[in-house]
Amino acid sequence: MNLLDIRNLSIELIGQKHDILAVDRVSLTMKEGEVRGLVGESGSGKSLLAQAIIGVLDESRWRVHADRFHWRGQDLLRLPIEERKAIISKDVAMIFQEPIACLDPTTTIGEQLEEAVPESMLYGFFWQKRQQRKKAVIKLLHRVGIKQHTMCINSYPHQLTEALCQRVMIAIALARRPILLIADEPTAAMESTNQGQIFRLLASLNQLKNMSILLISHDLENVTHWTHTITVMYSGQFVEAGTTKQIFTKPYHPYTQALLDSSPKANMHLPAKARLMTLPGSIPILQHLPIGCRLGPRCPRAQKQCVNAPKVKNYHGHQVSCHFSLKDLY
Amino acid sequence: MLLFFVRRLSLFLFTMLLLTWFAFSLAHLFPGDPLINLTGQVNANPEQLIALGQQYHTEDHMIFQYFSYLEHIISGDLGLSMASQLPIASELANLLPATIELSIVALAIAMITGVPIGFVAAIYHKRKVDDVILTFSMIGYSIPIFWLGLLAVLIFSIELGWLPSAGQLSLIYEIDHVTGFLIIDILLSDNTYKWQAFADATAHIILPACVVALAPATIFIRLARTTMLEILETSYIKAAKAKGLSFRQIIYRHAVRNAMIQVVRHVGLQFASLMTLAMVTEVIFSWPGIGRWLIDSIYQRDYTAIQNGLLVLSIFIFIVHIITDLTYAGLNPLARERSYGS
Ligand SMILES: Nc1ncnc2c1ncn2[C@@H]1O[C@H](COP(=O)(O)OP(=O)(O)OP(=O)(O)O)[C@@H](O)[C@H]1O
Ligand code: SF4
Ligand SMILES: [Mg+2]
């Protein structure tokens with residue numbers, strides 16, 4: 001049974017004149033204990049999708065619609081909003097992009113951690129609960145590899161480094177013992193040693209606690225080492241999904257191909273100083289989205305037919321959304 | 001924090017220099033003999049004037065004159081009022097506390113009503129409540145204070161007879177002058193009618209304080225509203241939502257605190273305009289404060305009083321600025337360490 005099964009999720013930005021389809025019918029499935037990478041260029045709607053899943057998008061500005069939204073076999077779309085939120089916030093945790101901005105600057109780390117410990121994990125009278133909260137916080141900090149817990153508890157966010165803040169964010173996310181952790185660019189703007197530490201921490205959580213992780217990144221190459229499966233997005237549209245191996249060795253979609261070609265590690269055989277292959281142009285802005293397949297203007301294989309959005313085709317679990325996929329080349 | 005304090009102190013000293021220099025130059029810009037303008041000794045005979053001139057170094061360079069003027073100010077000698085021939089320092093000591101009292105009560109009213117209403121408006125953003133609050137705050141802001149004061153007297157004192165319309169305290173109570181702040185003096189005194197006097201003083205201050213508070217309250221409403229809206233958009237509020245906190249918890253634990261800090265930052269600025277409003281209102285309500293005294297001084301061309309009264313008033317407003325800055329720094333962990341001196 002799938003842990004999370006989302007079919008054709010769309011997110012519209014409500015505008016004054018007309019609405020803009022920022023995320024266009026993206027599907028996403030997650031199995032229990034799976035680490036899935038969600039990859040796409042900056043601005044492809046990865047963060048929007050993640051925020052829509054946990055339901056923190058501002059309802060007055062965004063409209064979210066999905067054909068199917070199952071969580072552990074339960075159809076969340078049939079439930080009233082409050083119940084849906086309760087279920088999601090119990091089992092799904094998210095660490096946002098830019099950890100420092102996600103911590104309240106005027107509250108100590110300790111307090112912010114304490115309030116993340118759910119009431120249901122405590123018992124006894126309120127003074128006993130306070131003690132338990134304090135203990136739980138220290139344990140959480142140890143779990144994410146922060147040893148100087150007293151220093152950390154009494155600090156304000158701006159007094160900590162970016163990497164420490166990210167660990168604190170992970171600790172906050174872990175407080176509810178989530179089944180699924182959504183990590184939105186957890187290592188952006190970090191040195192590579194710190195990046196490795198964070199990834200290893202996430203990997204160990206996945207292995208020891210069987211926690212599923214949705215790992216969001218703009219860098220395909222960066223996450224392949226840590227993921228079982230990968231979903232690629234471009235400009236709010238679904239591109240391709242499959243196991244990491246499928247995506248890495250036999251990409252079916254021209255965009256995934258281009259992503260791989262532009263990464264130096266996957267092109268070890270290239271002669272020194274040769275040009276890396278990249279797609280011309282850049283990702284379209286929300287106000288000027290092309291019709292049909294949004295990759296069209298940049299795509300080397302584009303033809304007339306591409307003004308109609310392609311349907312998702314499934315080849316043994318390797319899904320691709322393209323009229324002229326590269327499948328036949330292999 | 002220490003660095004922060006030192007920076008503020010140096011800023012304070014520098015501003016004091018500028019302010020005193022300005023007051024000093026006023027004495028030269030006003031018509032008449034600068035020495036008489038500075039000291040207010042209109043009835044002095046020639047010998048006295050010569051002695052005074054020596055004290056103030058009138059024969060020496062401007063800089064020496066300025067420093068001797070500074071010396072007098074620092075020792076508490078602000079000259080005599082040209083009109084009443086009383087020392088200005090003692091007049092100010094009598095009058096300024098009444099104005100400060102009125103302003104502080106008005107500020108409290110403005111903040112206690114304005115800030116929560118602003119927060120409510122932000123929480124109900126884009127709904128009826130928000131629109132209604134915004135409309136009323138626009139109307140409240142545009143009402144001229146003189147008209148409002150007269151209207152308040154007409155309704156609450158004359159028609160309804162609920163509240164007194166003039167003065168600070170009924171003449172039947174006699175309170176010893178200790179600090180100059182009437183309410184504090186009443187509480188300090190041990191008269192048998194202490195609590196009646198307190199009630200009477202409270203009744204007297206309500207009407208003028210509310211009149212003064214109206215415009216600043218509308219400013220606080222809009223200030224609190226925009227700040228709260230900004231805070232509700234921040235990532236840490238979103239993250240708090242994702243943590244599973246309820247809307248209530250998010251507002252009370254995170255949003256209000258952060259918004260309050262930003263509001264406190266603007267109190268100093270608002271206080272200056274509030275003092276001006278208070279001085280105008282004093283005239284309507286015959287409040288024995290510095291406002292009426294200053295306006296009278298202007299009518300009587302009492303240059304010494306104008307110049308030194310303004311000086312003391314600006315010093316006071318500047319001190320309030322510094323106090324709010326320090327409060328802001330005390331509340332905001334970020335500002336405590338950031339080393340800016342603005
Ligand atoms: N609050 C917002 N208001 C208007 N447009 C927004 C807002 N948030 C995101 N967008 C737009 O939605 C699109 C997708 O944004 P999103 O943040 O999901 O991208 P992303 O894939 O997470 O990129 P990044 O790698 O930069 O985080 C972008 O074009 C962005 O400009
Ligand atoms: S559908 Fe057409 S434009 Fe889109 S990726 Fe495939 S070939 Fe390119
Ligand atoms: Mg993002």
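In what follows, chains carry the letters A, B, and so on, assigned in the order in which the sequence lines appear, proteins first and then strands, with residues in each chain numbered from 1. Not measured: the values here are computed from a predicted model.
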TODO: List the atom of A/Phe96, the atom of B/Ala242, and the distance in Å for their closest heavy-atom pair.
DONE: CE1-CB, 3.7 Å

Task: Minimal non-hydrogen separation, B/Ser235 against A/Cys102, with atom names - done: CB-SG, 3.8 Å

TODO: Determine whether A/Leu103 and B/Tyr236 make a side-chain contact, defined as any pair of heavy atoms from C-beta on separated by less than 4.5 Å.
DONE: no

- [ ] For residues A/Glu115 and B/His254, determine if any side-chain heavy atom of one lies less than 4.5 Å from a side-chain heavy atom of the other.
- [x] yes

TODO: Just do the side-chain contact (heavy atoms from CB on, under 4.5 Å) check on A/Asp58 and B/Glu233 with the steps written out, would you?
DONE: CA-CA 9 Å; A/Asp58 185 359; B/Glu233 286 277 302; 3.9 Å; yes

- [ ] With a 4.5 angstrom heavy-atom cut-off, could you sort out which part of B/Gln249 is near chain A: side chain, backbone, both or neither?
- [x] neither

TODO: Examine whether an atom of B/Leu232 lies under 4.5 Å from a heavy atom of chain A, and if so say whether it belongs to the side chain, the backbone or both; otherwise answer neither.
DONE: neither

Open item on the list: Can you tell me which of A/Ile54, A/Ile88, A/Asp104 forms the most heavy-atom pairs within a distance under 4.5 Å of chain B?
Closed with: A/Asp104

- [ ] Would you mind telling me which of A/Lys90, A/Met94, A/Gln112 has the largest number of heavy-atom pairs within less than 4.5 Å of chain B?
- [x] A/Gln112

- [ ] Any chance you could measure B/Ile231, atom CD1, to A/Thr106, atom OG1, to the nearest 0.5 Å?
- [x] 8.0 Å

Open item on the list: If I take atom NZ from residue B/Lys238 and atom CD from residue A/Gln51, how far apart are they, to the nearest 0.5 angstrom?
Closed with: 4.0 Å

Task: Test item: B/Lys241 side-chain N/O and A/Leu57 main-chain N/O as donor-acceptor pair under 3.5 Å - done: no

Open item on the list: Would you say that more than 12 heavy atoms from the other residues, nucleotides or ligands in this model lie under 6.0 Å from the CZ of A/Phe199, or not?
Closed with: yes

- [ ] Give a yes or no on this: more than 12 heavy atoms of other residues, nucleotides or ligands lie within 6.0 Å of atom NE2 of A/His149.
- [x] yes

Task: Part of A/Ala116 lying under 4.5 Å from any heavy atom of chain B - done: both

Open item on the list: Whether A/Glu111 and B/Arg257 form a salt bridge (side-chain N of Lys/Arg under 4.0 Å from carboxylate O of Asp/Glu) is what I want to check.
Closed with: yes

